[in-house]
Amino acid sequence: MQPAPEHSESELLQFRRAKLDELQKRGIAAFGGKFEVSHDPGTLRKNFVEGIDVRVAGRILSRREMGKATFFDIGDITGRIQCYLSKSDVSEEDYALFIHQIDIGDFVGVTGQSFVTKKGEPSIHVKVLTPLSKALRPLPDKWHGVTDREIKYRQRYLDLISNDRSREIFVTRSKMVAEIRNYLHGRDFLEVETPMMQDVPGGAAARPFETHFNALDQKMYLRIAPELYLKRLLVGGFNRVFELNRNFRNEGVSRRHNPEFTMLEAYWAYADFEQMADLVEDMICHLAEKFCGGLIIEHKDEEGAVTKTIDLTRPWKRVSYRELVKGAAGEDWFTLSKEAKVERAHSLGVHEIHAGDEHHELDQKAFEKLVEEKSFNPTFVTHVPKELVPLAKQNVADDSVVDVYELIINGQEISPGYSELNDPIVQRQRLLDQAGEETQKIDEEFLLALEHGMPPAGGIGIGIDRLIMMLTGAESIRDVVLFPQLKRKTES
RNA sequence: GCGCGGGUAGCUCAGCGGUAGAGCAGUUGGCUUUUAACUAAUUGGUCGAGGGUUCGAAUCCCUCCCCGCGCACCA
């Protein structure tokens with residue numbers, strides 16, 4: 001891509017260009033090549049050993065010039081380490097080169113010895129400094145970093161360079177995702193990849209993104225869920241299987257929604273939703289203990305004050321949907337007329353509710369506003385009305401509800417779990433009932449697979465982004481997604 | 001899509017009808033254990049874009065663009 005055309009290049013950029021020219025004039029590779037490193041900057045500082053030879057590379061993040069000597073910090077995603085360069089160690093010419101041609105923001109390699117300064121700072125006494133890459137633009141404010149949300153998201157690299165907190169979140173996310181895979185592999189789940197481009201977008205109720213397959217001249221959709229393919233694998237004999245990857249939903253963006261989001265789905269043959277709840281509870285606690293220092297998760301604001309505390313101590317509450325709604329909206333809620341429900345909701349401060357809706361929609365609205373958004377500690381909501389969940393088994397004792405849980409933590413749904421519906425005849429009818437109102441196509445290939453026999457199974461989905469938000473205390477999904485979707489920035 | 005808030009130097013922000021400001025970064029110096037180093041001097045702006053009101057607009061009005069928050073759709 002070409003750099004954006006500018007009326008007149010700012011002085012800042014001109015100086016850096018001039019420095020680049022000077023380096024090249026002297027035959028120094030401004031954009032260097034291989035540099036063998038013995039340590040990463042942050043790793044060296046963490047496991048510091050004094051008096052050893054080291055070769056470390058990184059970006060210059062700050063510097064403190066003191067005449068004939070200079071301290072500077074180099075760093076990367078692992079952290080930073082201080083370097084000390086003295087005029088007496090290098091030639092006058094080289095020292096001047098460092099002062100005048102090397103900037104904060106440049107990548108350099110340092111060769112030298114580890115030592116500790118008077119003030120106790122682990123440092124590298126630099127003997128050779130190797131320019132590795134010239135930065136033609138300056139870094140954000142060294143103290144405040146980038147705070148402009150738009151720059152944070154559009155130029156995430158600047159956020160990562162300058163904000164410790166962002167760096168920590170994304171490193172933690174990566175480790176958590178790896179640990180989730182380990183956890184499932186350790187329980188003999190096989191990871192698979194199923195189509196992201198689908199002919200019939202199924203497995204959830206959501207508007208899909210559309211695309212076109214030129215070679216076949218056919219409309220395709222980005223998947224809204226992998227569920228119907230993973231169930232085909234249950235039919236095929238994969239008795240423990242999972243997929244951890246992206247879903248796409250063509251809907252609004254918000255603090256809790258990114259149109260592409262990461263979902264874990266796992267299916268376990270011969271299990272039921274309660275066994276899946278045990279699995280999820282154990283897995284999330286495992287992550288919290290491994291990465292968050294325990295089961296008490298504190299969310300903090302900018303100043304470090306605790307704004308929210310989530311207690312993951314087991315066992316987690318398991319309560320039926322109706323009990324929760326009754327507890328929040330009144331014991332008589334389910335006996336009320338539509339109008340009475342709306343009136344009751346208004347009196348409880350819920351105004352986004354309309355008498356024109358079906359009863360189950362009114363119930364769901366009351367649930368979302370009065371229960372879900374106010375539940376921070378984990379709650380497995382069980383016995384959910386069947387209208388809301390067409391792919392789960394109906395309860396034997398009460399066929400108006402399904403054998404599922406919906407796990408609520410941090411005021412959001414983090415994970416649903418089902419006893420999966422494996423009766424092809426009932427499944428067809430349930431899909432038809434839903435398709436009627438949503439005008440969705442039926443995935444006949446999926447039903448064909450079910451007709452060949454799918455073992456009874458438990459299944460889960462876990463919204464990974466929201467899970468990471470909950471565990472890291474991020475307030476917005478954009479703080480746990482490296483490159484969140486933003487509107488195209490037009491010339492103006 | 002609707003409502004509210006925001007967009008000023010590379011970054012963080014102040015200014016809110018009367019000559020465009022500060023800190024950091026940058027530039028030129030001083031300083032060989034500093035760490036938001038210190039210190040002297042100094043450069044840097046189509047005030048998001050376009051239109052209007054006014055003697056005069058970063059500031060008031062209109063339209064548009066982008067970001068954030070809330071609502072709606074949804075996980």
Side-chain angles (χ1 to χ4, degrees), chain A residues 6-16 18-19 61-73 80-89 95 99-100 103-105 115-123 125 135-155 158-159 161-163 203-207 224-225 247-265 351-352 354 364-365 368-369 372 406-408 412-416 461-467 469 475-478 484 486-492:
Chain A
E6 283 164 20
H7 301 281
S8 61
E9 206 169 56
S10 95
E11 191 184 54
L12 244 42
L13 304 189
Q14 286 176 31
F15 275 117
R16 295 214 173 210
K19 290 172 178 182
L61 299 170
S62 64
R63 65 183 193 183
R64 298 168 288 284
E65 284 173 33
M66 307 186 54
K68 295 188 176 62
T70 297
F71 288 93
F72 59 97
D73 294 347
R80 58 167 72 195
I81 182 90
Q82 175 171 271
C83 301
Y84 173 73
L85 180 70
S86 159
K87 204 169 184 173
S88 57
D89 297 327
Y95 191 77
I99 296 297
H100 293 290
D103 285 304
I104 291 175
F115 80 110
V116 179
T117 65
K118 276 184 192 168
K119 296 280 171 64
E121 180 70 25
S123 307
H125 191 138
L136 297 178
R137 289 176 185 273
L139 253 37
D141 190 285
K142 67 178 176 186
W143 187 241
H144 301 96
V146 174
T147 64
D148 184 308
R149 313 285 282 188
E150 196 170 352
I151 298 177
K152 276 171 81 86
Y153 303 147
R154 287 193 201 275
Q155 295 176 275
L158 295 179
D159 182 42
I161 291 167
S162 64
N163 295 97
R207 277 173 58 194
I224 55 177
N247 287 348
F248 306 86
R249 299 191 183 175
N250 203 345
E251 281 153 2
V253 297
S254 79
R255 217 151 53 90
R256 300 182 181 78
H257 301 268
N258 194 52
E260 51 178 316
F261 62 101
T262 302
M263 181 75 122
L264 165 69
E265 285 202 13
H351 299 284
E352 306 88 353
H354 311 287
Q364 177 64 6
K365 184 60 76 177
E368 284 172 8
K369 294 293 166 189
E372 184 171 274
E406 282 181 8
L407 174 60
I408 311 298
Q412 302 179 26
E413 186 183 343
I414 295 275
S415 164
I462 296 183
I464 296 297
D465 311 283
R466 289 181 174 184
L467 177 67
M469 285 170 69
E475 280 180 33
S476 168
I477 195 168
R478 295 179 202 104
L486 295 181
K487 198 158 179 178
R488 174 189 299 133
K489 187 122 184 173
T490 50
E491 291 291 319
S492 68

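Values in this document were obtained by computation on a predicted structure and should not be read as measured data. The analysis underlying the following values was restricted to heavy atoms, covering all of them including side chains, and did not include hydrogens, waters or symmetry mates.
Each of A/Lys369 and A/Arg478 was matched to the nucleotide of RNA chain B holding its nearest heavy atom; the match closer to the 5' end belongs to A/Arg478. Along RNA chain B, the nucleotide closest to A/Ser123 and the one closest to A/Asn250 are compared, and the more 5′ of them pairs with A/Ser123.
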- Please walk me through it: do A/Gln82 and A/Arg63 pass side-chain hydrogen bond (donor to acceptor under 3.5 Å, both in side chains)? CA-CA 9 Å; A/Gln82 175 171 271; A/Arg63 65 183 193 183; over 6 Å; no
- Item | Audit row: A/Tyr95, A/Thr70, side-chain contact (heavy atoms from CB on, under 4.5 Å) steps and yes/no | CA-CA 9 Å; A/Tyr95 191 77; A/Thr70 297; 2.8 Å; yes
- Task: Report the C-alpha distance between A/Glu372 and A/Glu413 in whole Å, list the side-chain angles of each, state the deciding distance to 0.1 Å, and finish with yes or no for side-chain contact (heavy atoms from CB on, under 4.5 Å).
- Result: CA-CA 7 Å; A/Glu372 184 171 274; A/Glu413 186 183 343; 3.9 Å; yes
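Residue contacts for A/Lys152: at a heavy-atom cut-off of 4.0 Å it reaches no nucleic acid atom on any strand shown. The residue A/Arg154 sits close only to the backbone: its heavy atoms come under 4.0 Å of sugar-phosphate atoms, none of a base. Residue A/Asn258 is classed as a base contact, given a heavy-atom separation below 4.0 Å to a base. No engagement by A/Phe72 is indicated, since no non-hydrogen atom pair under 4.0 Å with the nucleic acid exists. Across all strands, A/Arg149 comes closer than 4.0 Å only to sugar-phosphate atoms, never to a base (heavy-atom distances). A/Glu121 comes within 4.0 angstrom of a nucleotide base, judged by non-hydrogen atoms across all strands. In this structure, A/Gly463 reaches neither bases nor backbone, as no heavy-atom distance under 4.0 Å exists between it and the strands shown.
The nearest whole Å value for the distance from the CG atom in A/Leu13 to the C1' atom in B/A25 is 13 Å. For the pair A/Phe71 CZ and B/A36 C1', the interatomic distance rounds to 16 Å; values are reported in whole Å. Between the C1' atom of B/U35 and the CD1 atom of A/Ile104 lies a distance of 12 Å, rounded to the nearest Å. Taking atom CZ on A/Arg80 and atom P on B/U34, their separation rounds to 18 Å, with Å as the unit. Nucleotide B/A25 holds its P atom 12 Å from the CZ atom of A/Arg16, rounded to whole Å. Taking atom CD of residue A/Glu11 and atom C1' of nucleotide B/A25, one finds them 12 Å apart after rounding to whole Å. A straight line from CD of A/Gln14 to C1' of B/G45 spans 15 Å, rounded to a whole angstrom. One can place NE2 of A/His125 at 14 Å from C1' of B/U34, the figure rounded to the nearest angstrom.
Remark: B/C4 base-pairs with B/G68. Criterion, Watson-Crick or G-U wobble with two distances under 3.5 Å. Base pairing of B/U63 is made with B/A49, judged by Watson-Crick or G-U wobble geometry with both donor-acceptor distances under 3.5 Å. With both pairing distances under 3.5 Å, B/U42 is matched to B/G26 as a Watson-Crick or G-U wobble pair. Nucleotide B/A58 forms no Watson-Crick or G-U wobble pair with any nucleotide shown, as no partner meets the under 3.5 Å limit on both distances.
Atom C1' of B/G30 sits at a distance of 41 Å from the matching atom of B/C16, rounded to the whole Å. Using atom C1' as the reference point in both B/G51 and B/G10, the two lie 30 Å apart (nearest Å). Look at the C1' atom in both B/G6 and B/G48: the space between them is 11 Å, to the nearest Å. Comparing the C1' positions of B/A41 and B/C4 gives an interatomic distance of 46 Å, to the nearest angstrom. Rounded to whole Å, the C1' atom of B/U8 lies 29 Å from the corresponding atom of B/A40. B/A49 and B/A9 have their P atoms separated by 10 Å, given to the nearest Å. B/G7 and B/U53: their P atoms are spaced 25 Å apart (whole Å). Straight-line distance between the P atoms of B/A57 and B/U19: roughly 12 Å, to the nearest whole Å.
Under a 3.5 Å cut-off, the side chain of A/Asp103 and the backbone N or O of A/Gly105 do not form any donor-acceptor pair. Formation of a donor-acceptor pair under 3.5 Å by the A/Asp73 side chain with backbone atoms of A/Arg80 is not found in this model.
In terms of the salt bridge (charged side-chain N to carboxylate O under 4.0 Å, His left out) criterion, A/Arg256 has no residue partners (sequence neighbours excluded). For A/Phe71, the ring pair (Phe, Tyr, Trp, His ring centres under 6.0 Å) criterion is met by A/Tyr84, not counting sequence neighbours. A/Lys369 is linked by a salt bridge (charged side-chain N to carboxylate O under 4.0 Å, His left out) to A/Glu373, counting only residues two or more places apart in sequence or in another chain. For A/Glu150, the side-chain contact (heavy atoms from CB on, under 4.5 Å) partners are A/Asp148, A/Arg154, A/Lys489, not counting sequence neighbours.
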- Let me have a per-nucleotide readout for nucleotides 27-32 of chain B, 5' to 3', with B, S or -, counting only protein heavy atoms under 4.0 Å. SSS-BB
- Query: Where along nucleotides 1-16 of chain B does protein come under 4.0 Å, by heavy atom, of base (B) or sugar-phosphate alone (S), with - for untouched nucleotides?
  - Reply: ---------BBSS---
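Between A/Arg64 and B/A37 there is a side-chain polar atom (N or O) within less than 4.0 angstrom of OP1 or OP2.
Scanning both residues, A/Ile224 and A/Asn247, for their nearest heavy atoms gives O-ND2, 3.4 Å.
Between A/Ile161 and A/Leu61, some side-chain heavy-atom pair lies under the 4.5 Å cut-off.
With hydrogens and angles left out, the side chain of A/Gln82 and the base of B/U34 share a donor-acceptor pair within 3.5 Å. A donor and an acceptor atom sit less than 3.5 Å apart, one in the side chain of A/Thr117 and one in the base of B/U34.
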